[in-house]
Amino acid sequence: QRLHRNPKAMENLRRYLLSDRNPFRDPVKRAEAQNKAHKKLVASGYCMLSGGNGKGPTRPQLMLARLLGWPTEYVVPTRGLPGYPSHYKLDIANPERRIAIEVDGQSHWSKAVRAKDIKKTRFLEERGWTVLRFRNAEVLGNLSAVLRVIRQTLWSTTLRQRPETTSPAGCSSTTATA
């Protein structure tokens, strides 16, 4: 109560709260806080994987795509269907057999993103695609099991017509090669 009556003390408090000395002022943007968080994640076994969320393919996506020889970020248009984005990008795709592989990171653990993933999967399956989902950790830690599932899926699908999809050269679509 007394602090509010003292304008000089209030001004000093305001300056301190806005200063770089205040350890609680936006700690996420402070370099030492970022370094500490990074070290803690690495120590707990989390791999810093660049990519995902519009930043291009992640290391696990590129590794798997190179082994398979399939394109990454393959574009499937939604033809302006209400409630859908203009297109979906598949992490890895075999368009001839309509096999989509999604390699999911930690952002896919939230309910909101899982709901979007379900919607995307349903959309693709309704159009004849087989959707396989793997976590980054699965690709990095148990690649042989991932490849086994993909091989079984390849054997169980019959060669299909190339779908009406685009992957324009102007977009960030690439074909991974070994």
Side-chain angles (χ1 to χ4, degrees), residues 26-78 84-158 160 163 165 167 171-178:
D26 208 0
V28 175
K29 291 184 180 176
R30 298 181 69 159
E32 59 269 14
Q34 291 174 349
N35 290 336
K36 183 179 177 183
H38 175 80
K39 287 177 184 173
K40 200 170 195 176
L41 286 170
V42 170
S44 69
Y46 178 76
C47 297
M48 295 298 167
L49 306 169
S50 59
N53 297 327
K55 297 177 186 171
T58 62
R59 283 194 338 246
Q61 289 170 358
L62 286 173
M63 183 176 70
L64 191 55
R66 283 185 183 124
L67 285 170
L68 297 169
W70 296 359
T72 61
E73 298 197 354
Y74 190 83
V75 176
V76 178
T78 59
Y84 287 92
S86 62
H87 65 277
Y88 282 120
K89 277 188 186 175
L90 308 180
D91 290 344
I92 305 168
N94 182 323
E96 290 76 26
R97 298 227 184 168
R98 291 193 183 201
I99 299 172
I101 298 175
E102 295 292 305
V103 183
D104 299 334
Q106 281 187 318
S107 65
H108 293 262
W109 296 357
S110 74
K111 281 186 179 183
V113 176
R114 277 190 303 211
K116 288 180 183 180
D117 287 344
I118 290 168
K119 185 176 181 178
K120 179 179 182 177
T121 299
R122 284 187 185 144
F123 175 87
L124 292 167
E125 287 176 344
E126 287 169 1
R127 282 145 188 85
W129 286 83
T130 300
V131 180
L132 302 175
R133 286 192 173 275
F134 302 102
R135 295 202 179 270
N136 283 331
E138 286 179 281
V139 175
L140 293 173
N142 199 355
L143 185 59
S144 59
V146 169
L147 291 172
R148 194 172 324 121
V149 170
I150 296 168
R151 245 189 328 269
Q152 289 170 347
T153 303
L154 277 167
W155 291 332
S156 68
T157 60
T158 56
R160 297 181 181 145
T165 57
S167 197
C171 290
S172 59
S173 178
T174 58
T175 302
T177 56

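Counting begins at 1 with the first residue of the sequence.
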Determine the minimum heavy-atom distance between Thr72 and Pro57, stating which atoms define it. OG1-CG, 3.9 Å
Salt bridge (Lys or Arg N to Asp or Glu O under 4.0 Å) against Arg148, all qualifying residues, sequence neighbours excluded: none
Interatomic distance, CD1@Ile99 vs CG@Leu124, rounded to 0.5 Å, equals 12.5 Å
Checking Thr153, Asp91, Val146, Val103 against Leu132 for side chain to side chain contact (heavy atoms under 4.5 Å, CB included), the one that qualifies is Thr153
Mind listing the closest non-hydrogen atom pair of Val139 and Pro60 along with its distance? CG1-O, 3.6 Å
Between OG1 of Thr58 and CG of Leu140, what distance do you get to the nearest 0.5 Å? 8.0 Å
Using a 3.5 Å cut-off and no angle test, enumerate the donor-acceptor pairs between side-chain atoms of residues 111-123 and protein atoms at least two apart in sequence or in another chain.
from, atom 1, to, atom 2, distance (Å)
Asp117, OD1, His108, ND1, 3.3
Asp117, OD2, His108, ND1, 2.6
Lys119, NZ, Gly83, O, 2.2
Lys120, NZ, Lys89, O, 2.6
Lys120, NZ, Glu102, OE1, 3.1
Lys120, NZ, Glu102, OE2, 3.4
Thr121, OG1, Asp117, O, 2.9
Thr121, OG1, Arg133, NE, 3.4

Test your reading of the model: is there a side-chain donor-acceptor pair from Arg98 to the backbone of Arg127, 3.5 Å cut-off? yes
Between CG of Leu64 and CG of Leu147, what distance do you get to the nearest 0.5 Å? 6.0 Å
Minimal heavy-atom distance between Trp129 and Ala100, with the atoms involved, is CE3-N, 3.8 Å
Heavy atoms of Trp70 and Ile150 approach each other most closely as CH2-CG2, 3.9 Å
Measuring from atom OG1 of Thr130 to atom CG of Leu154, what distance do you get when rounded to the nearest 0.5 angstrom? 9.5 Å
Looking at CZ of Arg135 and CG of Asp104, how far apart are the two atoms once the value is rounded to the nearest 0.5 Å? 6.5 Å
